[in-house]
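Chain identifiers are assigned alphabetically (A, B, ...) following the order of the sequence lines, protein sequences preceding nucleic acid strands; residue numbering begins at 1 within each chain.
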Protein chains: 2
Amino acid sequence: MKHRQPISGDLSAIERLCIDKGVRVTNQRRVVAMVLSECCDQPDIQELHRRVRKVDPRIALSTVYRTVRLLCNKGILNRRNLGMGRACVERISDRGHDYLVELQSGKIVEFRSNEIYRLLVGIAQRLGYRMVRHELQLYVVPADETCGSVQRDPLRTRPKFGN
Amino acid sequence: MKHRQPISGDLSAIERLCIDKGVRVTNQRRVVAMVLSECCDQPDIQELHRRVRKVDPRIALSTVYRTVRLLCNKGILNRRNLGMGRACVERISDRGHDYLVELQSGKIVEFRSNEIYRLLVGIAQRLGYRMVRHELQLYVVPADETCGSVQRDPLRTRPKFGN
DNA sequence: ATATATGCAAATTCTTTGCTGCTCG
DNA sequence: CGAGCAGCAAAGAATTTGCATATAT
């Protein structure tokens, strides 16, 4: 590997978290952190890699996978399934956000509900647990839609634990 | 393909739905429907195939994939991601159910909340949509747990649209 | 009878890993 | 310096598909 100039600029929120948690900050991790910090959509790993490459084309896909996995383990990132065959990498935020997914178009809208959040805390408590986080997807069709509840598409989901 | 005796017995709830929706009922689909109707856990595709094979060992994995995809499209089944690297095939039920997932052990508890359900309907409405269904996972640790919100494990999620 | 399913194996796509040379702290 | 990274290519795992044959209606 040839020498490479460290990228410049302020640290992203994610980079800050890495330092706080004692994660070694390499140049490629910095790029991934930066790209993710600037996202206002929900990229999957391949898309994330595409964007990362625009900053530094030499960063390998496997590095992105490894970085995301590491930061997931550290509680900094989360890989989230949005159903309908989509998944994304997102920053873990304190209260979290949820997604409304339009079935026909695939359009995604983020939303939050403190009421739901509080109910969830209560449910966990009542069952003897403490809530760490949650994921909620709301699948919808336009209000005027006449059609029934026919699914848009099958979607696969591939699971398994990573090390 | 050699001739094969149709399996006997009453129709499962899922088979009933297939007939109603005009889905051609083949012997292998009947087996998949039956196995799923009898599940009281959350099997993934591979596990589903394993159980299907116990009934008829000649049913191929690809058939199970195709059947699940078809029934998802018909709004009879749903493939659901439980986070932490697990996904499952489940029957779509009217109001739906949600999952509480214990992060350490991976234990899964189903729950329902009418309050949350109502809130979701309202949220969709307010945004100009009609809710078709939702998915909600609640990740927890035992109440007495001292540890923070460190993630259990990275997990992959593989998305993509099917046919 | 005939449009559709199924099995099988090969092809895709997503993800991880082994190895070796680099780099952060 | 020295433990932990990044690249690359190859291995693995999950899922789909092409094609010839079998089957439901």
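- Taking atom CG of B:Leu61 as the reference point, atom C1' of C:dC8 lies 12 Å away to the nearest angstrom.
- Regarding A:Asp44, its CG atom lies at a distance of 8 Å from the P atom of C:dC14, rounded to whole Å.
- OP1 or OP2 of D:dT16 sits under 4.0 Å from a side-chain N or O of B:Arg69.
- For C:dT16, the OP1/OP2 oxygens have no side-chain nitrogen or oxygen of A:Tyr65 closer than 4.0 Å.
- When all heavy atoms are compared, the tightest approach of B:Cys18 to B:Val25 is CB-CG2, 4.2 Å.
- Here B:Gln28 reaches the OP1 or OP2 of C:dG7: one of its side-chain N or O atoms lies under 4.0 Å away.
- Listed pair A:Arg29 / C:dT23 fails the phosphate criterion, with no side-chain N or O lying under 4.0 Å from OP1 or OP2.
- In this structure, the CG atom of B:Asp56 is 12 Å from the P atom of C:dT6, given to the nearest Å.
- Candidate nucleotides D:dT16, C:dT4, C:dT6 were compared by shortest atom distance to the side chain of B:Thr26, and C:dT6 ranks first.
- In this structure A:Tyr129 satisfies the ring-ring contact (aromatic ring centres under 6.0 Å, His included) test with no other residue, sequence neighbours excluded.
- The distance between atom CG of B:Asn27 and atom C1' of D:dT25, rounded to the nearest whole Å, is 15 Å.
- Put simply, CD on A:Gln46 is 10 Å from P on C:dT13, counting in whole angstrom units.
- Between the base of C:dA5 and the side chain of B:Arg24 there is no donor-acceptor pair shorter than 3.5 Å.
- One can place CZ of B:Arg50 at 9 Å from P of D:dA14, the figure rounded to the nearest angstrom.
- Side-chain atoms of A:Asn78 do not come within 3.5 Å of backbone N or O of A:Arg80 as any donor-acceptor pair.
- Under the salt bridge (Lys or Arg N to Asp or Glu O under 4.0 Å) criterion, A:Glu102 pairs with no residue at all, not counting sequence neighbours.
- Distance alone, capped at 3.5 Å, is enough to place a donor-acceptor pair between the A:Lys21 side chain and the A:Lys74 backbone.
- As rounded to whole Å, 18 Å separates atom C1' of D:dA14 from atom CZ of B:Arg86.
- For A:Arg66, counting side-chain heavy atoms from C-beta on, the closest listed nucleotide (D:dT17, C:dT15, D:dC8) is D:dC8.
- Atoms CG (B:Asn81) and C1' (D:dA14) sit 14 Å apart, rounded to a whole Å.
- Donor-acceptor pairing under 3.5 Å is recorded for the side chains of B:Tyr99 and B:Glu90.
- In this model, the phosphate group of D:dT15 is approached by a side-chain N or O of B:Arg79 to a distance below 4.0 Å at OP1 or OP2.
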Protein N or O to nucleotides 9-11 of chain D N or O, pairs below 3.5 Å:
none

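- Looking only at distances, no side-chain donor or acceptor of A:His134 sits under 3.5 Å from a matching main-chain atom of B:Gln137.
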